[in-house]
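Just so we're clear, the structure is a prediction, and the values are computed from it rather than from any experiment. Every heavy atom of this structure was used, including side-chain atoms; hydrogens, water molecules and symmetry mates were not.
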Amino acid sequence: MTRHVLGDTAVMLDRSIKHVTRSLDTIITVTIMPIAFLLLFRFVFGGAIQADTDNYTNYLMPGILLIAIASGISYTGFRLFMDMKSGIFERFHSMPIARSSVLWGHVLTSLVSNAISVAVIIGVGVVIGFRSSAGLLAWLAVAGVLTLFTLALTWLAVIPGLTASTPDGASAFSYPLVFLPFVSSAFVPTATMPGPLRAFAENQPVTAIVDAIRALFGQQPVGNDIWIALAWCSAILVVAYAFAMVAYRRRIA
């Protein structure tokens with residue numbers, strides 16, 4: 001049974017990846033916006049921002065990576081919505097395949113496409129001055145946090161992908177997620193913010209994730225940030241997965 005599910009999921013993944021490669025504008029669009037933010041903050045605003053660091057590119061990188069992922073998962077909701085509207089889901093369900101494989105194909109495609117975007121952005125960061133003293137284990141930890149973050153937001157994207165009534169509705173939910181890093185420690189220390197805004201910034205998930213990744217990149221003590229980041233990502237993942245499966249069962253009933 002497990003082999004059957006894995007095989008069907010691999011087929012669905014291959015199908016979804018082919019759709020992405022046939023519309024490279026998707027990856028380009030998702031990648032260009034975070035790179036534009038990286039260049040904007042590095043070369044336009046960087047000289048005016050006091051972030052207590054000699055390398056502002058290093059300070060920026062974690063937040064830029066989260067923005068890339070948040071913008072990338074909007075296409076998961078869009079692709080899922082288009083599949084639902086085209087009737088292909090009904091055709092799949094009439095075949096002897098595992099029903100869960102249809103959703104997992106989209107979810108795994110999100111992981112792959114976002115990993116490519118992250119790699120490209122890190123490459124651009126290296127060109128403009130990003131440097132990391134992290135060892136192999138620290139890089140693996142960063143990859144693990146980013147993967148969990150991507151997985152959590154992807155299952156969140158599945159919900160509007162299954163329930164929205166328009167293509168814009170399926171993808172628009174990600175816009176607030178893209179701008180959440182701007183109200184965090186991604187670009188400036190939270191200590192520079194006014195009271196209420198600072199309280200929000202210090203207690204929202206992006207700040208903990210950004211601080212944990214920044215510490216890992218700099219080979220610095222991570223402290224409780226890594227556990228808070230993992231707790232946030234895990235909680236979002238569990239809740240989003242539960243609601244997504246409820247929406248999926250209702251849609252195919």
Worksheet item: Rounded to the nearest 0.5 Å, what separation is found between the CG atom of Leu65 and the CD1 atom of Ile209?
Response: 12.0 Å
Worksheet item: Could you go step by step and tell me if Ile35 and Val120 meet the side-chain contact (heavy atoms from CB on, under 4.5 Å) rule?
Response: CA-CA 9 Å; Ile35 290 176; Val120 171; 4.3 Å; yes
Fill in: Side chain to side chain, Ile213 and Met61, heavy atoms closer than 4.5 Å
no
Worksheet item: With under 30° as parallel and over 60° as perpendicular, where do the rings of Tyr56 and Tyr59 fit, or are they tilted in between?
Response: parallel
Worksheet entry | Under 3.5 Å: donor-acceptor pair, side chain of Ser117, backbone of Ser113 | yes
Practice prompt. Not counting sequence neighbours, which residues clear salt bridge (Lys or Arg N to Asp or Glu O under 4.0 Å) with Arg198? List them please.
Written response: Glu202
Worksheet item: How about Trp155 and Phe243: are their ring centroids closer than 6.0 Å?
Response: no
Item to complete: Apply ring pair (Phe, Tyr, Trp, His ring centres under 6.0 Å) to Phe217 and Phe130, showing your working.
Response: CA-CA 10 Å; Phe217 276 151; Phe130 171 67; 5.2 Å; yes
Worksheet item: For the rings on Phe179 and Phe182, is their centre-to-centre separation under 6.0 Å?
Response: yes
Worksheet item: So if you build clusters from Ile, Leu, Val, Met, Phe, Trp, Tyr with side-chain heavy-atom gaps below 4.5 Å, do Phe37 and Ile116 land together?
Response: yes
Fill in: Partner residues of Pro160 under the side chain to side chain contact (heavy atoms under 4.5 Å, CB included) criterion, sequence neighbours left out
Phe173
Worksheet item: What are the two closest non-hydrogen atoms of Ile121 and Ala68, and how far apart are they?
Response: CD1-CB, 3.3 Å
Worksheet, complete the sentence: Paired with Thr150, the side-chain contact (heavy atoms from CB on, under 4.5 Å) test is passed by just one of Val145, Thr76, Leu66, Leu111, namely Leu111
Worksheet item: Are side-chain heavy atoms of Ser71 and Pro34 found at a separation under 4.5 Å?
Response: yes
Worksheet, complete the sentence: Result for side-chain contact (heavy atoms from CB on, under 4.5 Å) between Leu216 and one of Leu137, Asp211, Val222 points to Val222
